[in-house]
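Note that the structure is a prediction, hence the values are computed from the model and not measured.
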Amino acid sequence: MKKLIFMLTIILLALTSCAPAKKHLAQDILDNWKNSDGYTIEFRSGGNGFIPGVAGKIPDSDFTYTIIDESHVQIDVQGQQQTIEITIAGDQMTWKDDLGEVAYTRVK
């Protein structure tokens, strides 16, 4: 009986050590991202970020963000808060909010 329990324990440990590591949005989001329209957004560590402005249209904006869970981020830009659903697969980020969905690519 002890041998059986020992063998089951070894098998369980081997299986769990082979499982892929779970990624975390808080780490995956850190970087510069660019969408197909050429707009960029930068998520920095410490819950801060930056959106470069567009000459004559949009000023540069610093923002803060909070990771709510593994697929939602709350962003505060100039006192206006918005919750965004974000999924990241490799170098692709999908951003979903009340206005729709936007795809971003990690800037290398």
Side-chain angles (χ1 to χ4, degrees):
M1 184 68 167
K2 287 182 181 182
K3 283 185 178 183
L4 179 61
I5 292 173
F6 177 74
M7 290 301 291
L8 289 174
T9 302
I10 296 298
I11 291 170
L12 181 62
L13 287 173
L15 290 175
T16 57
S17 67
C18 294
K22 183 178 179 182
K23 292 191 172 198
H24 297 285
L25 183 60
Q27 290 298 315
D28 292 344
I29 201 170
L30 300 177
D31 221 329
N32 290 301
W33 300 89
K34 186 175 190 175
N35 68 23
S36 61
D37 292 328
Y39 297 112
T40 62
I41 186 167
E42 178 185 2
F43 288 90
R44 301 172 181 159
S45 62
N48 297 300
F50 179 71
I51 302 170
V54 177
K57 295 181 182 180
I58 304 168
D60 290 348
S61 296
D62 290 307
F63 66 91
T64 59
Y65 69 92
T66 304
I67 304 295
I68 297 172
D69 57 34
E70 284 303 310
S71 61
H72 292 89
V73 176
Q74 184 175 32
I75 295 178
D76 186 327
V77 181
Q78 299 175 352
Q80 294 187 354
Q81 292 183 348
Q82 184 174 13
T83 299
I84 312 296
E85 180 180 345
I86 291 181
T87 55
I88 297 175
D91 289 335
Q92 301 299 311
M93 175 174 69
T94 303
W95 169 299
K96 294 180 188 176
D97 62 16
D98 296 338
L99 300 175
E101 184 175 307
V102 179
Y104 285 83
T105 302
R106 192 180 308 271
V107 177
K108 293 184 178 187

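- Linking ILVMFWY residues whenever their side-chain heavy atoms come closer than 4.5 Å, directly or via other members, leaves Ile67 and Phe50 in distinct clusters.
- Distance CE/Met93 to CD1/Ile84: 9.5 Å, rounded to 0.5 Å.
- Other residues, nucleotides and ligands contribute at most 12 non-hydrogen atoms within 6.0 Å of the CD atom of Gln80.
- Taking CD from Gln82 and CD from Gln74, the interatomic distance works out to 10.0 Å, rounded to the nearest 0.5 Å.
- Distance alone, capped at 3.5 Å, places no donor-acceptor pair between the Arg44 side chain and the Leu30 backbone.
- Using a distance-only test at 3.5 Å, with no hydrogens or angles considered, a donor-acceptor pair links the side chain of Asp60 to the main chain of Gly53.
- In this structure, the side chains of Thr40 and Ile51 stay at 4.5 Å or more apart for every pair of heavy atoms.
- Using a 4.5 Å heavy-atom threshold, the side chains of Leu25 and Ile88 count as touching.
- A continuous path of hydrophobic side-chain contacts links Val102 to Val77 [ILVMFWY only; heavy atoms under 4.5 Å].
- With rounding to the nearest 0.5 Å, the separation of NZ in Lys108 from CG in Asp91 is 3.5 Å.
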> Which is it for Ile75 and Gln81 under the side-chain contact (heavy atoms from CB on, under 4.5 Å) test, yes or no, and what are the steps along the way?
Replying inline: CA-CA 5 Å; Ile75 295 178; Gln81 292 183 348; over 6 Å; no

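- The two residues Tyr65 and Val73 come nearest to each other via the heavy atoms CB-CG1, 3.8 Å.
- One finds the CH2 atom of Trp33 at 8.0 Å from the OG1 atom of Thr105 (value rounded to the nearest 0.5 Å).
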>> Could you go through Trp95 and Asp97, starting from their C-alpha distance and side-chain angles, then the distance that decides it, and tell me whether this counts as side chain to side chain donor-acceptor pair (under 3.5 Å)?
In response: CA-CA 7 Å; Trp95 169 299; Asp97 62 16; 3.1 Å; yes

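- Proximity of a side-chain donor or acceptor of Glu42 to a complementary backbone N or O of Asp31 within less than 3.5 Å is not detected.
- Using a distance-only test at 3.5 Å, with no hydrogens or angles considered, a donor-acceptor pair links the side chain of Asp69 to the main chain of Ser71.
- Rounded to the nearest 0.5 angstrom, Lys34 NZ and Arg106 CZ are separated by 15.5 Å.
- Formation of a donor-acceptor pair under 3.5 Å by the Tyr104 side chain with backbone atoms of Tyr39 is not found in this model.
- Put simply, CG on Asp76 and CG on Asp62 are 11.5 Å apart, with the number rounded to the nearest 0.5 Å.
- Contact annotation: the side chain of Phe43 never approaches that of Asn32 to less than 4.5 Å [non-hydrogen atoms, C-beta and beyond].
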